[in-house]
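Naming convention: chains lettered A, B, ... in sequence-line order (proteins, then strands); numbering from 1 in each chain.
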Amino acid sequence: MKHEQTHGTPMKYGMAIDLDKCTGCGACMVACMAENNIPFKEDESEKLVSITWMRIFKLSNGKSFPDLDICYLPRPCQHCEGHGGHSPCVSVCPATATDYSQETGIVSQIVTRCFGCRYCMGACPYHARYFNWWDPVWPDGMEKYLSPNVSPRMRGVVEKCSFCYHRYQLAKNKAYLNGGRRVPEEAYQTACTQACPAGAIVFGDLNNPEHQVHQIVKPDPDNGNRSRNDRAFRLLERTGTNTKVYYLSSREWVRRAGDNYLAHEKTGQVAKLHH
Amino acid sequence: MKVDRRSFLSFVIGGAAGTALSPLPWKLMDDSSIWSQMWPWTPVPPDGEVVYENSTCSLCPGGCGISVRKVDNRAVKIEGRPGHPVNDGSICILGLSGLQMLYGPTRIKSPMKRIGERGEGKWQKISWDEAIAILTEKLTDIRDKGEAHTVAAIAGSDSGTVPALIRRFMTAYGSPNFMRSPSQRDVDELAVKALFGGDGRTGFDVENADYILSFGSGFVDGWGSPVRMFKAASLWKEKNITVVQVEPRLSNSAAKATRWVPLNPGTEADLALGIAAVLVDENMLDTRAVSGLGSWKNDLLAAYATEKVSQTTGVAAGVIVDLAKGFAGANRPLALCGRGKGLVSGSLRETAAVYLLNALSGNINREGGMWAMPEADYIQWPDVATDNLASAGLVQPRLDGAGTGKYADARYLTNRLADSVNGGGPYPMQALLVAGANPCHDLPDTQRVRAAFARIPFIVSFSSFQDETAAMADLLMPDHVYLERYEDVPIGAGLAQQMIGLSKPVVSPQFNTRHLGEVLIATAMAMGGSIANAFPWDDYETCLEETLAEKWDSLMETGVWVQADTEPVADTFQLAGMDAPAVQAEGDVNSFPLLLVPYDAIQLTSGYVGEAPFMIKAVADTVIKGTDGFIEVNPQTARAAGLAEGERARLTTPRGEAQVCVHLFEGIQPGVLAMVRGLGHTAYDGHLAGKGVNINELIGPVEDPSTGFDAAWGIRAKLAKA
């Protein structure tokens with residue numbers, strides 16, 4: 001790997017999203033849009049071309065009235081680790097515009113390197129990546145609220161959730177200035193985590209036993225980082241993407257919706273891998 | 001010098017070789033590739049010093065504390081304020097979108113007067129002096145003719161100093177016609193008066209309750225103070241508390257509840273009284289707080305036998321008994337009412353029945369219970385000394401009929417305004433002032449409201465935005481938005497505490513707008529006499545500081561003032577209102593076999609401010625697609641009408657018709673259709689206008705005969721292939 005400054009154990013930032021608490025209100029989506037200068041068009045109802053780094057999906061148990069149950073699932077970039085940082089998108093990027101950081105576990109997206117081939121979009125199993133088909137246009141006057149921390153993207157590049165990486169950089173600088181070596185848990189939180197009125201999102205370092213996210217997820221490094229929490233699951237976990245966004249639900253049908261199970265397979269059952 | 005062939009070729013080839021060896025082509029190629037990515041029209045946000053400024057959000061009645069991140073003088077992000085007693089760092093989708101309203105192109109940028117036909121959108125920019133002169137002249141004319149009472153004002157709320165200044169202006173001027181936008185607060189205030197015998201509102205200690213029975217209240221759809229309720233709903237999950245949501249549609253709140261009990265639309269009061277009857281029958285009561293139960297018990301048992309209630313509501317008898325037992329078995333059970341966000345005034349019978357459940361469980365004015373909160377009383381101004389013209393005007397009846405005759409208990413009947421202006425009122429309306437409200441979009445039966453507005457000779461809008469009501473105005477006097485002004489924000493919204501928040505200017509005014517308080521003071525000064533005398537303040541800030549008195553310093557410092565102890569209105573609950581008549585849906589079952597009910601979504605403001613582009617972006621494509629609006633239909637109902645997912649259909653009600661798209665949804669009872677409230681704007685810009693259907697075009701007010709309030713919860717409808 002390249003030379004990267006690491007201090008002690010590398011960090012592995014990740015999330016635990018409690019779907020029992022999530023109400024699908026959309027505050028995370030808008031907090032993300034406001035934090036990251038995400039543009040908008042007059043019509044945003046064509047969701048395939050609507051840029052939403054964080055998007056809420058609605059799940060249903062498929063039953064009829066009155067047995068129907070619904071659940072919302074917020075989907076940021078899952079920041080796949082794969083095996084040793086081989087996340088699906090990183091493996092296919094010909095421009096090295098997206099990379100897996102061994103220091104933070106964050107999958108980056110360097111828009112100025114991206115030349116828009118969109119291989120990464122094809123590779124991403126989570127539809128977490130979006131292509132800028134148009135130049136961003138802010139209605140007259142609205143460019144005033146744009147944040148200098150995140151560059152607005154131009155036409156022809158792919159963008160996605162960065163776990164608010166600029167917040168990490170700010171927190172890291174602050175930690176150094178204060179003489180600390182590590183970024184404290186509360187000093188680096190993503191915009192969606194901070195906004196969520198239901199407190200459904202917990203963000204932090206999955207490697208750090210003192211962080212709440214670690215305590216909730218209890219990742220098992222000997223088992224592909226699967227969670228030891230019975231309520232937890234990851235999206236398409238069995239594909240080996242080794243994502244860092246864990247979901248929690250007390251409802252079995254919701255956990256089952258996180259992967260493509262065959263009828264006879266039990267929820268959470270790991271298919272035998274053939275090497 | 002003669003140029004021969006040889007020297008010409010040498011020159012050209014040499015020049016070409018020289019250019020190729022020079023950095024020029026590479027520089028040009030490099031420049032063009034940089035240029036092709038660094039489009040000059042992709043903005044580069046300037047950097048600068050970062051500061052956070054605290055204020056209070058007033059986009060909804062919730063009263064959340066906000067912390068606005070600024071870079072130099074630009075506000076770049078609104079975040080929740082950590083440690084604030086209402087929202088403690090969290091924030092909702094509307095609060096997050098505030099900067100799009102502040103900087104958006106749909107602001108009204110200067111005072112304007114109409115020069116074209118009404119509604120045509122032709123305006124002329126004028127100065128503030130001219131605007132105030134026009135208003136003063138018009139109002140003086142009307143008043144001099146002895147017709148001061150024919151001027152009306154509609155405000156978004158009636159609490160806080162700004163609405164109090166509007167009301168004071170109306171009093172000094174001589175009109176009894178001050179109104180506020182309808183909401184559940186109307187029936188709540190009336191119920192508190194009837195049940196506790198005093199002025200006030202209810203407050204719910206939701207954080208400490210241990211069983212929640214919600215009659216359609218959208219606790220995660222924007223009911224009460226939204227962020228506080230979101231937090232409470234998560235707390236309920238953590239504490240493993242039973243939460244029952246009673247409503248005909250699987251709303252997000254129903255999905256969050258531990259149990260969803262669907263019932264026939266409009267029968268919530270019956271179910272509440274049915275549960276009360278089980279409590280009485282099985283003697284599961286705590287009657288400490290209730291007076292006069294005696295003979296009333298038998299009436300209740302006779303009228304609300306479980307089997308009968310089961311038939312009316314469609315809820316199985318076993319479930320009713322179950323709910324009663326669960327409610328009675330809890331230590332601090334809490335029943336909530338007010339459908340969705342509580343945007344409709346509502347029925348007295350239903351409200352009284354639900355509050356009765358709280359009383360029968362003894363859960364009144366105590367931890368985890370329902371509180372009868374007195375009205376905030378920090379605005380203590382001397383009474384207005386009215387002159388003869390004003391006194392003569394003030395004794396006239398109100399245009400909406402509130403406060404007299406059979407509507408004696410109602411303060412405002414804004415729902416009756418359109419009919420009154422359209423010929424049903426005691427006298428014609430000559431002028432209307434509108435502030436913080438958008439009646440041309442938000443009042444039911446918008447066609448009739450618009451017809452009424454067309455009849456009013458002079459309309460002034462104080463709106464900051466180009467909304468539907470401003471489009472109907474003759475004079476625009478735009479207010480600052482909340483991020484540009486000082487204002488006290490008394491927080492009601494179901495809190496079991498008295499709180500006042502303070503909005504402070506986070507940025508300087510972006511346009512040539514003026515604080516409504518200042519405009520009222522200036523207009524009063526211009527009118528002179530007793531009207532000017534009623535406004536002894538030099539400016540609004542002086543007025544605010546004097547009014548808040550000893551609270552001012554702490555408000556400036558912390559942004560919120562919380563009263564330590566509140567004396568409830570009363571501790572005894574009197575039985576009243578339960579025998580008020582039920583409110584039926586308008587329309588004939590034979591010609592309109594289906595039922596259309598509105599629902600509220602947190603992604604839409606369903607109120608005065610139009611949705612910002614960010615919010616519309618977060619709306620699902622099963623609610624808006626392109627410009628089409630969707631209705632939710634049970635697949636069984638859709639099949640019967642020959643309609644499939646996404647198909648266009650014609651929806652007709654007794655009040656109007658619209659083209660809609662069909663979204664199949666198993667979360668709704670067969671025979672019932674649901675449409676979201678808040679869409680179908682005709683004003684604002686292309687990011688909002690023309691999307692979906694305004695349900696107020698399809699539904700009209702249905703008067704609760706016991707109060708006069710609009711208690712419509714649905715309307716009969718029919719659906720056909722388009």
field: Side chain to side chain, B:Gln100 and A:Phe40, heavy atoms closer than 4.5 Å
entry: yes
Distance col, row A:Leu68:CG vs B:Asn634:CG, nearest 0.5 angstrom, shows 10.0 Å
In this structure, CD of A:Gln194 is separated from CG of B:Leu96 (nearest 0.5 Å) by 9.0 Å
Those residues at least two apart in sequence (or on a different chain) that pass salt bridge (Lys or Arg N to Asp or Glu O under 4.0 Å) with B:Arg74 are none
Are there more than 12 heavy atoms of other residues, nucleotides or ligands under 6.0 Å from atom CD of B:Gln636? no
From the list A:Asp18, A:Ile38, A:Ile51, the residue making the most non-hydrogen contacts under 4.5 Å with chain B is A:Ile51
Please determine whether a side-chain nitrogen of the Lys or Arg among A:Lys63 and B:Glu666 lies less than 4.0 Å from a carboxylate oxygen of the Asp or Glu.
no
When the 4.5 angstrom heavy-atom criterion is applied to A:Lys58 and chain B, the contacting part is side chain
Distance col, row B:Phe219:CZ vs A:Thr23:OG1, nearest 0.5 angstrom, shows 10.0 Å
**Prompt:** Taking B:Lys256 for the side chain and A:Cys22 for the main chain, is one N or O donor matched with an acceptor at less than 3.5 Å?
**Reply:** yes
If one checks every heavy atom of A:Leu19 against chain B at 4.5 Å, the contacting part turns out to be backbone
Is the backbone of B:Gly626 close enough, under 3.5 Å, to the side chain of A:Ser45 for a donor and an acceptor to pair up by distance? yes
Would you say B:Lys625 and A:Glu46 make side-chain contact, with heavy atoms under 4.5 Å?
yes
Distance col, row B:Met615:CE vs A:Met29:CE, nearest 0.5 angstrom, shows 12.0 Å
The interface call for A:Ser147 against chain B, heavy-atom contacts under 4.5 Å, is both
Self-check item: Close side-chain approach of A:Tyr72 to B:Asn252, heavy-atom, < 4.5 Å
Solution: yes
* Any side-chain heavy-atom pair of A:Asp43 and B:Ile624 under 4.5 Å -> no
Original post:
A:Pro152 versus B:Pro45: any side-chain heavy-atom pair under 4.5 Å?
Top reply: yes
Most heavy-atom pairs under 4.5 Å with chain A, out of B:Pro262, B:Pro82, B:Ala618, B:Pro613, belong to B:Pro613
*Would B:Glu79 and A:Arg167 pass as an ion pair if we require N to O under 4.0 Å?*
yes
side-chain contact (heavy atoms from CB on, under 4.5 Å) filter on B:Ala254, not counting sequence neighbours, yields B:Gln245, B:Glu247, B:Leu250, B:Ser251, B:Trp260
Strictly distance-based, threshold 3.5 Å: is any side-chain N or O of B:Lys617 a donor or acceptor partner for the main-chain N or O of A:Pro39? yes
Ranked by heavy-atom pairs below 4.5 Å to chain B, first place among A:Ser64, A:Gly26, A:Gly156, A:Pro139 goes to A:Ser64
One should read off an interatomic distance between B:Thr42 OG1 and A:Leu146 CG, to the nearest 0.5 angstrom, of 11.0 Å
Problem set entry | Basic-acidic side-chain contact under 4.0 Å: A:Glu42, B:Lys691 | no
**OP:** Can you establish whether the number of heavy atoms outside A:Tyr119 located under 6.0 Å from its atom OH is more than 12?
**Re:** no
Turns out that what part of B:Glu238 lies under 4.5 Å from chain A's heavy atoms comes down to side chain
Query raised in the report: How about A:Asp140: does its CG atom have over 12 heavy atoms from other parts shown lying under 6.0 Å from it?
Result: no
Exam field: side chain B:Gln603 to backbone A:Cys25, donor-acceptor pair closer than 3.5 Å
yes
Rounded to the nearest 0.5 Å, the CG atom of A:Asp20 sits from the OG atom of B:Ser234 at a distance of 9.5 Å
